[in-house]
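Take a look at the structure below.
Source: prediction; values computed, not measured. We name chains A, B, ... by the order of the sequence lines, and we start the count at 1 in each one.
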Number of protein chains: 2
Amino acid sequence: MKLMSVETKLKAAGMKITPQRTAVLQALMDNPHHPTADDLFKTIRKVYPNISAGTVYHILNTLVSKKVIGKIETADNVVRYDAITEKHHHLYLNDEQEIVDFFDEALSGLIMEYLQKNHQLAHIDIEDVKIQIIGKSKQSPGD
Amino acid sequence: MKLMSVETKLKAAGMKITPQRTAVLQALMDNPHHPTADDLFKTIRKVYPNISAGTVYHILNTLVSKKVIGKIETADNVVRYDAITEKHHHLYLNDEQEIVDFFDEALSGLIMEYLQKNHQLAHIDIEDVKIQIIGKSKQSPGD
DNA sequence: TATTAAATAGAAATTATTCCTAATTAGAAA
DNA sequence: TTTCTAATTAGGAATAATTTCTATTTAATA
């Protein structure tokens with residue numbers, strides 16, 4: 001899964017391979033900072049100057065719906081994307097300036113197990129549990 | 001904390017008490033469904049017909065910055081608000097159609113304790129941990 | 001009750017995203 | 001290979017959510 005090329009991923013999702021899709025998915029895979037659609041648009045336009053913003057948005061939506069990429073929740077009104085589809089969590093640092101991936105399968109398991117016992121959740125089919133760790137870098141002198 | 005009136009909350013935050021602010025905070029406290037700014041605007045306008053949308057947005061921003069209310073993260077591009085500032089988690093049900101509060105201090109403590117030991121987080125000052133439980137109501141016949 | 005800094009109304013501006021349509025193109029089929 | 005066709009894209013207009021602006025109003029203090 002992790003090592004699939006852009007084209008393999010697109011094919012696996014049953015999507016036609018186009019230069020635009022290749023560029024969008026590659027740009028997202030190359031950027032670990034959970035970019036917005038506009039971030040990606042600007043990056044791609046440098047090498048592919050007449051790609052349309054609407055196309056980038058459209059491709060991102062398709063990739064999300066086919067579960068090739070993920071969306072990230074943010075407290076402002078921009079959608080961020082994530083090339084990593086393996087279950088993982090996020091570290092929201094310095095007032096959401098930075099969102100860092102955080103992998104810890106043991107923790108996910110621990111929580112899942114704990115939640116199974118909760119009667120408030122008895123009638124819920126739990127699909128996923130995501131943890132948001134909100135914090136600040138200790139060395140940052142600000143505030 | 002929980003039982004403070006709207007006016008007490010505003011005063012405690014060092015904010016002037018205005019009818020608009022009172023209406024916005026009261027409307028949010030009366031709505032457990034994590035409304036958007038526009039939801040609140042429409043509700044308030046019924047009883048206060050010439051309140052301005054800009055004012056509602058502005059008041060909500062002020063309330064968030066003074067930590068009188070909270071923002072909720074969503075995967076689409078709308079900001080939702082939460083009158084409850086006590087630490088709690090959220091249940092995202094049926095593809096985010098519904099966001100339900102979930103209180104479990106024991107779980108929060110468990111996770112905090114677990115995370116303290118993680119060396120990836122050694123240089124992070126953890127301020128909060130939020131859990132998003134994504135799931136579906138079992139009885140829902142859809143999909 | 002007068003003063004003044006802060007708050008609001010209303011509208012315009014901005015930002016993020018979606019929608020629309022004609023032109024193009026990837027991949028299947030011949 | 002070439003042809004065909006449904007899917008994709010460019011470009012721009014439209015929409016939605018939110019912010020900004022400015023003149024007017026108002027809450028709280030003196």
From B/His33 atom NE2 to B/Arg80 atom CZ, the distance as rounded to the nearest 0.5 Å: 10.5 Å
Determine the contact category for A/Asp38: base if any of its heavy atoms lies under 4.0 Å from a base atom, sugar-phosphate if only primed atoms, P, OP1 or OP2 are that close, otherwise nothing. nothing
For the backbone of A/Leu107 and the side chain of A/Asp104, can you confirm whether one donor and one acceptor N or O come within less than 3.5 Å of each other? yes
If you measure from the Lys or Arg side-chain nitrogens to the Asp or Glu carboxylate oxygens, is any gap between B/Lys71 and B/Asp82 under 4.0 Å? no
How many angstroms lie between atom NE2 of A/His90 and atom CG of A/Asp101, to the nearest 0.5 angstrom? 4.5 Å
Is the shortest side-chain N/O distance from B/Thr18 to OP1 or OP2 of C/dA6 below 4.0 Å? no
If you draw a 6.0 Å radius around NE2 in B/His88, do more than 12 non-hydrogen atoms from other residues or ligands fall strictly inside? yes
Is there a side-chain contact between B/Gln20 and the phosphate of C/dA9, meaning an N or O under 4.0 Å from OP1 or OP2? yes
What nucleic acid atoms does B/Thr55 come within less than 4.0 Å of, heavy atoms only: base, sugar-phosphate, or nothing? base
Touch class at under 4.0 angstrom, heavy-atom based, for B/Pro19 against every strand present: sugar-phosphate
Of the options A/Val56, A/Thr55, A/Thr62, which is the one that meets A/Ile59 in a side-chain contact (heavy atoms from CB on, under 4.5 Å)? A/Thr55
Look at A/Lys87 together with A/Glu105 and state whether they make a salt bridge at an N to O cut-off of under 4.0 Å. no
For A/Val56 and for B/Lys11, find the nucleotide of DNA chain D with the closest heavy atom, then tell me which residue's nucleotide is more 5'. A/Val56
Would you kindly compare A/Tyr81 and B/Gly54 by the position of their nearest DNA chain C nucleotide and give the one closer to the 5′ end? B/Gly54
Among the nucleotides D/dA7, D/dA10, C/dA7, which one has an atom lying closest to any side-chain atom of B/Lys16? C/dA7
With respect to the phosphate group of C/dT17, does any side-chain polar atom (N or O) of A/Tyr57 fall under 4.0 Å of OP1 or OP2? yes
Watson-Crick or G-U pairs under 3.5 Å in DNA chain D, rendered as dot-bracket with [ ] for crossing pairs and | for another strand: ||||||||||||||||||||||||||||||
Which of D/dA10, C/dG10, D/dT18 is nearest the side chain of A/Ser52? It is D/dA10
Using a cut-off of less than 4.0 Å, is there contact between a side-chain N or O of A/Asn61 and OP1 or OP2 of C/dT18? yes
Could you please name the option among D/dA28, C/dT8, D/dG11 that lies closest to any side-chain atom of B/Ile59? C/dT8
